[in-house]
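One structure is given below, encoded as structure tokens.
All heavy atoms count here, side chains included; hydrogens, waters and symmetry mates do not. What you see is a predicted model; the values in this text were computed from it and never measured. Proteins get letters first, then strands, A, B, ... in listed order; numbering begins at 1 in each.
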Number of protein chains: 2
Amino acid sequence: MKNLMETLRQHGIQPTPQRLEVARYILECDRHFSAEQALSIVLERCPTISRATVYNTLNILVEKGLVAARVLTEGAVVFDSRVARHHHLIDTETGEIHDVDWGALKVSGTRSLADFEVQEYHVVLKGRKKQ
Amino acid sequence: MKNLMETLRQHGIQPTPQRLEVARYILECDRHFSAEQALSIVLERCPTISRATVYNTLNILVEKGLVAARVLTEGAVVFDSRVARHHHLIDTETGEIHDVDWGALKVSGTRSLADFEVQEYHVVLKGRKKQ
DNA sequence: GATCATCTTTAGACTTAGTCTAAGTCCATG
DNA sequence: CATGGACTTAGACTAAGTCTAAAGATGATC
């Protein structure tokens, strides 16, 4: 908890009790989560926290680079506490999102796109468990 | 219009006037569109069409493989009348979605993902126009 | 051509994710 | 103690999308 506060401070985020609870949730949860999932779990420990505070906190964390926001599935933004780049595999049967290490795939050709400067990219795969 | 009806029939879709209007919109519009965009344009020609019909029609077209539904941006599913596989580049300044031909990028490694059978994949790039 | 089951459309209620707002709380500082 | 800034809160609001129940259109069959 001490280091959580430190981490927030180091990134210029005032560590309030509410923000700490959100941060704690992020560390303890399954790495991919939606804002509504975060809200419902944080509410158990901090019953008066408001939806706006959770959304604000998540947005601040994304802005500061501590968490990534990804558009992978319909309906809700997926937050991801792993900010290092990697690819994603979506299980078409369960909807689960799995990581694919950056090194597992190689993409070539991104340098040669006419007129565009590519800032980032990743591969989105869809598939299902074998058997 | 004759061939529109034919196309729908060939895919087992009963060609109603409402469905034809939606199909016509898809052919005439900019290839990437949201359901709400489709609704608002189709309403101009067919003022009594309901939101549910537009959504139902789009979902049927996706089911039958005539249109693709993609999760690329926050907030709304992007429909795409180009169903052949290709990659996408999202302009980080304008939010516009550009196509990247399948052959322009090469992805290797998708065969060797432990335990998973990859059904499809594509690369999502983010970038901005040079200069 | 009349009947009936089936398919389709409609308006509007509903749900869910997410943002906005206005008022209140909590400090720190002069 | 007054002021102001940063933060939180409840709840209103918005936008995308689904659902429902009733009405309307269609097609097959006799």
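For C/dC27, the OP1/OP2 oxygens have no side-chain nitrogen or oxygen of A/Gln14 closer than 4.0 Å. Between A/Thr16 and D/dA6 there is no side-chain N or O to OP1 or OP2 distance below 4.0 Å. Here A/Tyr55 does not reach the OP1 or OP2 of C/dT19: none of its side-chain N or O atoms lies under 4.0 Å away. Phosphate proximity of D/dG17 to B/Asn59: absent, as no side-chain N or O sits under 4.0 Å from OP1 or OP2.
Between the P atom of C/dC7 and the CD1 atom of B/Ile60 lies a distance of 12 Å, rounded to the nearest Å. Going from atom CZ of A/Arg19 over to atom C1' of D/dC7 covers 6 Å, rounded to whole Å. Here C/dG18 presents its P atom at 11 Å from CG of A/Leu39, a figure rounded to the nearest Å. Protein atom CG of A/Leu58 is 16 Å distant from nucleotide atom C1' of D/dC7, rounded to whole Å. For the pair A/Leu43 CG and D/dT8 P, the interatomic distance rounds to 14 Å; values are reported in whole Å. Between the P atom of C/dA17 and the CD atom of B/Glu36 lies a distance of 17 Å, rounded to the nearest Å. Atom CG in A/Leu8 sits about 14 Å away from atom C1' in D/dC7, given to the nearest Å. One interatomic measurement links the two molecules: CZ of A/Arg70 to P of C/dA17, which rounds to 20 Å at whole-angstrom precision.
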Distances for protein N or O near nucleotides 10-14 of chain C N or O, under 3.5 Å:
from	atom 1	to	atom 2	distance (Å)
C/dT10	OP1	B/Gln18	NE2	3.4
C/dT10	OP1	B/Thr48	O	3.3
C/dT10	OP1	B/Thr48	OG1	3.3
C/dT10	OP2	B/Ser50	N	3.1
C/dT10	OP2	B/Thr53	OG1	3.1
C/dT10	O5'	B/Thr48	O	3.4
C/dA11	OP2	B/Thr48	O	3.2

Worked check of side-chain contact (heavy atoms from CB on, under 4.5 Å) between B/Leu89 and B/Asp99: CA-CA 6 Å; B/Leu89 190 151; B/Asp99 284 353; over 6 Å; no
Output side-chain donor-acceptor pairs under 3.5 Å for residues 117-127 of chain B, partner residues at least two apart or in another chain, one line each.
from	atom 1	to	atom 2	distance (Å)
B/Gln119	OE1	A/Thr92	OG1	2.9

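The shortest non-hydrogen separation linking A/Ser81 to A/Ile26 is CB-CG2, 3.6 Å.
Using a 4.0 Å cut-off between a side-chain N of Lys or Arg and a carboxylate O of Asp or Glu, A/Asp80 and A/Arg31 qualify as a salt bridge. Ion pair A/Asp101/A/Arg82 flagged as a salt bridge, since at least one NZ, NE, NH1 or NH2 atom sits closer than 4.0 Å to an Asp/Glu carboxylate oxygen.
In this structure, A/His88 and A/His32 have perpendicular ring planes: the angle between them is above 60°, well past the 30° mark.
A 6.0 Å sphere centred on CZ of A/Arg45 holds more than 12 heavy atoms belonging to other residues, nucleotides or ligands.
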